[in-house]
2 protein chains.
Amino acid sequence: MKISTRSRYGSRLMLELALNYGKGPVFLRDIAKNEEISEKYLSQIVIPLKAKGLITSFRGMNGGYVLAKSPSQINLREIVELLEGGLELLGCIGNSSTCSRVAICVTRDIWDLVGKKIAQILESVTLEDLIKSHNLKNEEAMIYSI
Amino acid sequence: MKISTRSRYGSRLMLELALNYGKGPVFLRDIAKNEEISEKYLSQIVIPLKAKGLITSFRGMNGGYVLAKSPSQINLREIVELLEGGLELLGCIGNSSTCSRVAICVTRDIWDLVGKKIAQILESVTLEDLIKSHNLKNEEAMIYSI
DNA sequence: ATAATTACTACTAATATGATAGGATTAGTA
DNA sequence: TACTAATCCTATCATATTAGTAGTAATTAT
């Protein structure tokens, strides 16, 4: 039960955009460099994010990406649910026809609950929260480096 | 972010043993039949469960498996953590040397938190709880089938 | 024009997962 | 002792998923 690199990279990409919110579009190239992620791979991750309206893109020279909403209006659940392809921990939760034992299965109920809890936690964290944590971490790093 | 079949099968196997607690060892063959799971596959899942001391096995004719502790003393976290190979949602949480960005990475903190919450929830559910839910579900099923 | 960017499509390599196969070992029973 | 039914052990296989690459087309500021 690990989260995919897609989700992780996607979250980091979104944080990067959040940090640049209001400063005009950001090149994928720069994000890729900052975050040490393959630009080509990021260019795939960006597609669903755009399709869902979380980011806006500008093509051509001086193009790039911007957050479609303010950082406080985007939470981690939206991002992760999208890139992970749902937050259900079992196939039979979204689609109960995948297993004939749904009516009997007790463990399924537990996993349903856990999945909903995860969604709750992720929903409670906005990109703005991440920015704050990020700034805090950077200050700490500054202090330690003196 | 799905849970593996190993964990799911393992949980169901453990519930099956819990339902037979105090009635002597159960054959893998019977569990496999009841739960509609390949016996050979179950025989692999059983190994770590035994190694961790959650179940005891008896070899030879009239052998089988029993819970090593009472159902109230075994919780889902133990089972899932074992079969899933840890409850960390990221490799860099257990082993921080896998990523050079640990000190900067904000999203990692979130995933750390989520993982701990999952562990909490799973820890709060014992096999005894599952037995109760199971009996309840069976009663319901009886009523509906009249 | 041209240069720099996103958009699109296909492919590949590596890894993990789920499952199977077959025999070795153990122990109860006749 | 021979037989049988169970666990134990090791290897293998097939499939799916994941992570990542490659190349080209479309778009737009200069």
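Chain letters run A, B, ... following the sequence lines, proteins first and then strands; every chain starts at 1.
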Undergrad: Tell me whether A/Ile104 is reachable from B/Leu17 by hopping between hydrophobic residues (I, L, V, M, F, W, Y) whose side-chain heavy atoms are closer than 4.5 Å.
TA: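 Looking at the clustering, A/Ile104 is in a separate group from B/Leu17.
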
Undergrad: Nearest whole Å is fine: how far is D/dT21 C1' from A/Ile45 CD1?
TA: 14 Å

Undergrad: Do the side-chain N or O atoms of A/Tyr65 get closer than 4.0 angstrom to the phosphate oxygens (OP1, OP2) of C/dA7?
TA: yes

Undergrad: Taking the side chain of A/Val46 as its heavy atoms from C-beta onward, which of C/dA7, C/dT20, D/dG20 lies nearest to it?
TA: C/dA7

Undergrad: What is the distance, to the nearest angstrom, from the NZ atom on A/Lys40 to the P atom on C/dA10?
TA: 15 Å

Undergrad: Between atom CG in A/Leu13 and atom C1' in C/dT6, what is the gap in whole Å?
TA: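 Going from A/Leu13 (CG) to C/dT6 (C1'), I get 13 Å.
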
Undergrad: Without decimals, in angstroms, what is the distance between A/Asp30 CG and C/dT5 P?
TA: 8 Å

Undergrad: Tell me the interatomic distance from A/Tyr41, atom OH, to D/dA22, atom C1', rounded to whole angstroms.
TA: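 It works out to 16 Å between those atoms.
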
Undergrad: Let's test your reading of the model: under 3.5 Å, does the base of D/dT18 pair with the side chain of A/Gln44 as donor and acceptor?
TA: no

Undergrad: What is the distance, to the nearest angstrom, from the CG atom on A/Leu42 to the P atom on D/dA22?
TA: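 Checked: the CG to P distance equals 16 Å.
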
Undergrad: Residues from residues 21-29 of chain B sitting under 4.0 Å of DNA chain D, heavy atoms only?
TA: B/Phe27, B/Leu28, B/Arg29

Undergrad: Hey, is the side chain of B/Lys50 poking within less than 4.0 Å of OP1 or OP2 on D/dT7, counting only N and O atoms?
TA: no

Undergrad: For B/Lys2, answer base if it contacts any base atom (sugar-phosphate contacts may also be present), sugar-phosphate if it contacts only those atoms, and nothing otherwise; contact means non-hydrogen atoms under 4.0 Å.
TA: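 Contact class for B/Lys2: none.
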
Undergrad: Donor-acceptor pair, distance only, cut-off 3.5 Å: does the side chain of A/Glu84 make one with the backbone of B/Met1?
TA: yes

Undergrad: Looking only at atom types and distance, does a side-chain atom of B/Lys69 sit under 3.5 Å from a main-chain N or O of B/Leu54, one as donor and one as acceptor?
TA: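 Flag not set: sc B/Lys69 to bb B/Leu54 has no pair under 3.5 Å.
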
Undergrad: Please table the atom pairs, donor to acceptor, closer than 3.5 Å between any side-chain atom in residues 22-34 of chain A and protein atoms at least two apart or in another chain.
TA:
{"unit_1": "A/Asn34", "atom_1": "ND2", "unit_2": "A/Glu16", "atom_2": "OE2", "d": "2.7"}

Undergrad: Check every atom of D/dT7, C/dT20, D/dT21 against the side chain of B/Glu39 and return the nucleotide holding the closest atom.
TA: D/dT7

Undergrad: Distance check needed: D/dA5 P versus B/Lys33 NZ, whole Å only.
TA: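 One finds 13 Å between P of D/dA5 and NZ of B/Lys33, rounded.
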
Undergrad: Take atom NZ in B/Lys117; do more than 12 heavy atoms of anything else shown fall under 6.0 Å from it?
TA: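 Not more than 12 within 6.0 Å, no.
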
Undergrad: Answer with yes or no whether the hydrophobic clustering places B/Val125 together with B/Leu19; edges join I, L, V, M, F, W, Y residues whose side-chain heavy atoms lie under 4.5 Å apart.
TA: yes

Undergrad: Using atom types as modelled and distance alone, determine if a side-chain donor or acceptor of B/Asp129 lies under 3.5 Å from a backbone N or O of B/Thr126.
TA: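 Looks like yes, one N/O pair under 3.5 Å.
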
Undergrad: Do B/Leu13 and B/Ile47 sit in one hydrophobic cluster, given that two such residues count as connected whenever their side-chain heavy atoms are within less than 4.5 Å of each other, even indirectly?
TA: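 Result: no, two separate clusters.
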
Undergrad: Do A/Leu83 and A/Tyr9 pass the side chain to side chain contact (heavy atoms under 4.5 Å, CB included) test, and can you show the C-alpha distance, the side-chain angles, and the key distance before you say yes or no?
TA: CA-CA 10 Å; A/Leu83 294 176; A/Tyr9 287 1; over 6 Å; no

Undergrad: What string of B, S and - do you get for nucleotides 25-30 of chain C, 5' to 3', if B is base contact, S is sugar-phosphate-only contact and - is no contact with any protein heavy atom under 4.0 Å?
TA: BBBBS-

Undergrad: Go ahead and name the base partner of D/dT24; Watson-Crick or wobble counts if both distances stay under 3.5 Å, otherwise write none.
TA: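 Base partner found: C/dA7.
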
Undergrad: Any side-chain N or O of A/Ser38 below 4.0 angstrom from OP1/OP2 of D/dT21?
TA: yes

Undergrad: Within the distance-only criterion (no hydrogens, no angle test), does the side chain of A/Glu78 pair as donor or acceptor with the backbone N or O of A/Asn75 below 3.5 angstrom?
TA: yes

Undergrad: Does a nitrogen or oxygen in the side chain of B/Ser57 sit under 4.0 Å from OP1 or OP2 of D/dC8?
TA: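 For B/Ser57, the contact criterion (side-chain N or O under 4.0 Å from OP1 or OP2 of D/dC8) is met.
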
Undergrad: Between A/Gly64 and A/Met1, which is nearer to the 5' end of DNA chain C once each is assigned its nearest nucleotide?
TA: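 Its nearest nucleotide lies further toward 5', so the answer is A/Gly64.
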
Undergrad: Using OP1 and OP2 only, check whether a side-chain N or O of B/Ser43 sits under 4.0 Å from D/dC8.
TA: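 No, outside the criterion.
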
Undergrad: Which whole-number value in Å describes the distance from B/Ile47 CD1 to D/dC9 P?
TA: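 About 7 Å, once rounded to whole Å.
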
